[in-house]
Amino acid sequence: MKKMMKKMMKNKNRLNLRMLLMITLVTFLTASMNCSSDEEEPAGIMVNVAELITSETGTTDSFTVVLEAVPNGDVVIDVVSSDETEANVDKASLTFTTSDWNTAQTVTITGVDDFLIDGNQTFDVTLTVSESSTDTTGYAEISIPSVSVINSDDDTAGFTVSKTNLTTAEGATTDTFTVVLNTEPDGDVIIDVVSSDATEASADKASLTFTATDWNVAQTVTVTGIDDLKADGNQTFNVTLTINGATADTTGYAALTVPAISVTNSDDDTAGFTVSKASLTTAEGATTDTFTVVLNTEPDGDVIIDVVSSDATEASVDKANLTFTATDWSVAQTVTVTGINDLMADGNQIFDVTLTINGATTDTTGYAALTVPAISVTNSDDDTAGFTIVGGPVTSAENGIDQTFTIKPNTEPDTDNTITVAINGDATEGTVSPATLSWTSADWTTAKTVTVTPVDDSLIDGNIGYNIELDPASSTETAYQLVAVQTVSVTNSDDDTAGFTIVGGPVTSAENGIDQTFTIKPNTEPDTDNTITVAITSLDESEGTVSPATLSWTSADWTTAKTVTVTPLDDGIADGNIEYNIELNPATSTETAYQSAAVQTVSVTNSDDDIAGFTIVGGPLTFAENGTAQTFTIKPNTELADNTVTVAITSLDESEGTVSPATLSWTSIDWTTAKTVTVTPINDGIADGNIVYNIELDPATSTEIAYQSVAVQTVSITNTDVYINDNGNGTVTVGNGSLTWMKCSQGQNQLDCSGTAGTYQYCSTETSDCHAGTYSGILNGGGASEVWDTCQALSASSFAGRTTWRAPTWTELTDFAGVYTVNQALFPNTPTALGFWTASSGNIQKAYFINWFSPYQWFIYSKIQRKNVRCVSSGL
C-alpha cells in the first residue's frame, strides 16, 4: 500500500507538472490572442517531456511532439541520440502535415548495454527542423531544446573462475581451470598465477592479462603434478590468483580479491623395501649365499636395518646392520650369509636372517613403522635322522577295543645321548600309552609298541579323525631335537547330532545411541579338533555394524554364551526408523554337524535422529540502494539418498533487491557444500526510507521426500534509502536531488537550527497582490509578502552557494512532508504548532499551508495569518 501511494504521488507530481505546462501554454495562447485576435497563430513546437530514464537492461522511456499551429507544408523534425552507445531512438524523424499537425507523435528511447562500468550516463536526444521541410510559416527557424535522458548502468567488475578445486597426481597428471572477466575494463587487468608449493605442482602461466578487446575470452591455466619421490602423502596447496599492481583498469578490478583455488596432488610413493631374495641356501661346508636390500622411496633421515641370523650355530652374516641415507637410498646393499659346519647329524636346518628397523632410525616418512619380512635360510646337513612307524593309520570305535602300532628310530644316537619320543593323542577321542618311549645306543634297533584306547565322549560329533603326535624334541641326541613331529592318523567312529540358542533379540537401537548386544551359543559340544564358527553379518551396514565378524567355540568353551555387539550408525539422512536383519551363518564351521545348519537372523530396528532442514549463514543483510551485492549461504542439514533437494529462492520485493540464482540444488555427492545466494540491491529512485523485506527459501519441489514438507525459511534484508543527504552546510538534498531544502526554519540559526522559528504573512492583505493570476496562483513577490522576502534574502546572500531560494509549492511541500515528517535528526527544532506556508494560493484571499507533523495535514488559510516558512532551492 505504501509503495502504491508513492507511485500515485509520483504520477500526481508529473501530472501537476504537465498541467502546469499546459496552463502556461494556454496562458501564452490567450495572451497572444488578446494582443491580436486577427493575426494567425505563430509557428510553435510543443515537446511533452518529463524526466526520462532508460537502463542498460533495455528499459525504455518516451516523449511526444506536436505542432502548435497549422503549417502550410510538411514539417520534418530530425530525431538523433547524442550517444548511440547508451541509447537509440525508434524514429529518425517526425513528419507533420497540414492534416495531422495537431496529432502528437511519440518518440521511444531504448537503453543499450555496453558492458562498461561507466555509471549512469546522461545524454541528449536532439530535435532539429529538417531542411527537407516544405513549410514556410516559420517552423524552419525554430530551435527545439534537446531532451535530456539518463541511461542507468548495470555492470559490476568481477571474475568467473570455472573451478575452485583441482586434482593432480605426481605422475605429471594435469588439471585445468579458466578465468574470464565479467565486464569490459578500461585498461589491462593482470592476474598473477602462483603455486603455493612448487615442489608439488606447477602452473603453465605466471600471469593472465585481459585487455579491453579480449576481456570476455576465457583463459586456461593448466596445473601439472610434480613427482618428488617422497612418501609424503597427498598434498593440498593453493594456486593463488592475485591482481598485479601493474593493472591499469580503473573500473574496479584493481581492488578485487580473487579466491584461491585448492589443489590436491596425489602421492604415488609408499615407504618400503625391495629384498632381492625370499630364501637362501647354504651348506655346512662354508657355502655362501647373498641377498640385497634397497629402499623404494627417498627417506628424510637415516634408515638403519639390523641384520641378525636366528641360528648362529648354522650360519653367520657379514653385516650387523645396513644404513641408508637420503643420498644413497637407491643404492642396493649386499648381505652375505655363510653356512657353519656343526659336525652333527641334525639334518638340513631351516632358520631366518631377520631384518629389523633399528630404533635409531631418524626417517619420518614411514620406514620406522615398517616390518621387513625375514629371509628363510636352509643350511644343508650331511646326516639323516628319523623314525620308522608300523601299524598306522589306526581305526577305532568309541565303544571298541584297544589298537596298537610300533615305532623305532632310523639312526643310532651318540653313546652319551638318548632318543626320546613324547607321544600325544586326543584324550577326548582316545588315550595312548606309554606317554614316552626312549632309545639308547644299546636298543635303538628295537621297535617298541604304542597302545591306543578309544574314548566314548557321548558327543554328537560324527566320526572323528585325529593324530597321535610323536615328538622327539626332548631327546638329548641333537640330531633328533630338530626332527619334525611325526603323526599317526586315527579315526574314532562316533555313535552320537547338532543347533544354536540366541538370547537378546530382536534389537532396538538409535542412530545417536549406544551399542546394543545379544548372545549366542551352540547347542552341542564340538570335537576337540574342530570349531563351531558363526559368520555374523549386518544386512544393512548403513544402519548398523556388528562385531565380532565371527564367533567360534571349541570343546573348551562351547557352553559359553558369547556376545554380539550391534553399533548403530548415524547416516545423516532423514529416512525414518529402519528395520534390517543380522544374519548368523555357521557354514564355515569345521564341526561337520554345523556346516549344514540353517542360517538364523536377529531383527534390528534403528531409530532415525535426522531432521530435514537448512543451515543459513550470512543473514540478515543490510545494503545501501547504491551499494554492492552481498551474499549468504545455505546447505541441507541432512545427507541425501539418491534424490535431490531443490530450493526456490525468491525476493519478496524485487523493487528493492534481486537474488541469484533462482534455485539451488544438492545431491548425495555435494549435500555438505554450503552454496551461495547473491542479493543485489535496487536503487528505486524513490525517497522511501529504509525498506525491510524477505528473501524466501522454499524446498517444496525437492525429490527428497523429507524436504517436500519443510517449512519455508526467510532471510531478512534491509535496503537503506540513499536519497537523504545532509550537505553539512545548513541544507538537505532529498528525492532525486532536484530539490535542496533549508535544514532550519526561517528565523532560526541556519547552521544549527537554534533559536525560535519566525512567523510570516503570505501577503500583507487578503488580496491577490502577492502572486500571479488569481486562483491557484504561485507566490512571485508581486506585492508585499514576508514569505517571499525571507526566502529572497537567502538568495541575496547566496546561502550555501545558491541564489534560487523560494517558498515551496503546495505539491513540493506535501510530497516532502509525506516522507520526512518532523525528522528531528535531519531537521532539528522543527516547530509543529502553526504549520508552514506553501507558495500556492487557493483563491484571492487564501493560500495553502501544511502542518508538517505526523500525520501531516494541509489547509487553506487567510493570507494575512502568520505561519512558519522553510525555503527550497531547485537550482543554483
Side-chain angles (χ1 to χ4, degrees), residues 385-410 418-440 443-475 477 480-500 521-534 551-560 586-597:
F387 294 96
T388 298
I389 301 170
V390 177
V394 175
T395 299
S396 66
E398 287 190 350
N399 59 352
I401 62 174
D402 292 351
Q403 304 294 320
T404 63
F405 63 90
T406 63
I407 180 173
K408 80 174 188 67
N410 294 333
T418 301
I419 299 172
T420 302
V421 176
I423 307 170
N424 301 306
D426 181 348
T428 65
E429 293 293 329
T431 62
V432 293
S433 65
T436 62
L437 288 173
S438 294
W439 293 264
T440 66
D443 65 352
W444 69 276
T445 59
T446 301
K448 298 185 179 183
T449 301
V450 176
T451 300
V452 180
T453 302
V455 173
D456 188 353
D457 57 14
S458 300
L459 296 174
I460 307 171
D461 52 2
N463 298 337
I464 302 300
Y466 65 97
N467 288 326
I468 294 173
E469 292 185 348
L470 307 173
D471 186 358
S474 61
S475 302
E477 177 70 3
Y480 282 83
Q481 292 173 357
L482 302 177
V483 171
V485 172
Q486 291 180 257
T487 60
V488 176
S489 175
V490 182
T491 300
N492 194 32
S493 301
D494 190 24
D495 56 359
D496 304 287
T497 306
F500 285 103
K521 80 172 189 67
N523 294 334
T524 62
E525 180 180 354
D527 180 78
T528 304
D529 297 328
N530 291 332
T531 303
I532 299 173
T533 302
V534 176
L551 284 175
S552 295
W553 291 265
T554 67
S555 59
D557 65 351
W558 71 275
T559 59
T560 302
T588 61
S589 300
T590 59
E591 180 73 2
T592 306
Y594 282 82
Q595 293 175 357
S596 59

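Minimum heavy-atom separation, Gln486 to Gly386: OE1-C, 4.4 Å. Closest approach of Ile532 and Glu591 over heavy atoms only: CG1-CB, 3.8 Å. Closest non-hydrogen pair, Gln403 versus Ser396, comes out as CG-CB, 4.3 Å. Among all heavy-atom pairs drawn from Pro472 and Ser475, the shortest one is O-OG, 2.8 Å. Across Ala397 and Pro454, no two heavy atoms sit closer than the pair O-CB, 3.0 Å. In plain terms, the two heavy atoms of Pro526 and Trp558 that are nearest each other are CD-CB, 3.3 Å.
Note that OG1 of Thr428 and CD1 of Ile464 are 8.0 Å apart. Values are rounded to the nearest 0.5 Å. Residue Thr451 holds its OG1 atom at 9.5 Å from CD1 of Ile423, rounded to the nearest 0.5 Å.
With Tyr594 contributing its side chain and Thr524 its backbone, the two residues share a donor-acceptor pair below 3.5 Å. Of the possible donor and acceptor atoms, none in the side chain of Asn467 sits under 3.5 Å from a partner among the backbone N and O of Glu469. A donor-acceptor pair under 3.5 Å links the side-chain atoms of Asn492 to the main chain of Glu429, judged by distance alone. Remark: side-chain polar atoms of Thr531 are not paired, donor with acceptor, to backbone N or O of Thr590 under 3.5 angstrom. No donor-acceptor distance shorter than 3.5 angstrom exists from the side chain of Asn530 to the backbone of Thr592, with no hydrogens or angles considered.
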Problem - Trace of the side chain to side chain contact (heavy atoms under 4.5 Å, CB included) decision for Thr528 with Tyr466 - result: CA-CA 9 Å; Thr528 304; Tyr466 65 97; over 6 Å; no

Practice task
Would you sort out whether Asn410 and Thr388 count as a side-chain hydrogen bond (donor to acceptor under 3.5 Å, both in side chains), showing the intermediate values?
Solution key: CA-CA 6 Å; Asn410 294 333; Thr388 298; 2.7 Å; yes

Exercise for the section: Show your working on side chain to side chain contact (heavy atoms under 4.5 Å, CB included) between Phe405 and Ile468 and close with a plain yes or no. Expected result: CA-CA 11 Å; Phe405 63 90; Ile468 294 173; 3.9 Å; yes

Exercise for the section: Decide side chain to side chain contact (heavy atoms under 4.5 Å, CB included) for Leu470 and Phe387; before the verdict, give the C-alpha distance in whole Å, the side-chain angles of both, and the deciding distance to 0.1 Å. Expected result: CA-CA 9 Å; Leu470 307 173; Phe387 294 96; 6.0 Å; no

May I have the list of side-chain donor-acceptor pairs in residues 431-439 shorter than 3.5 Å, sequence neighbours left out?
from: Ser438; atom 1: OG; to: Thr420; atom 2: OG1; distance (Å): 3.2
from: Trp439; atom 1: NE1; to: Thr446; atom 2: O; distance (Å): 2.8

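Among Thr449, Thr406, Ile407, the one residue that satisfies the side-chain contact (heavy atoms from CB on, under 4.5 Å) test with Val390 is Thr406.
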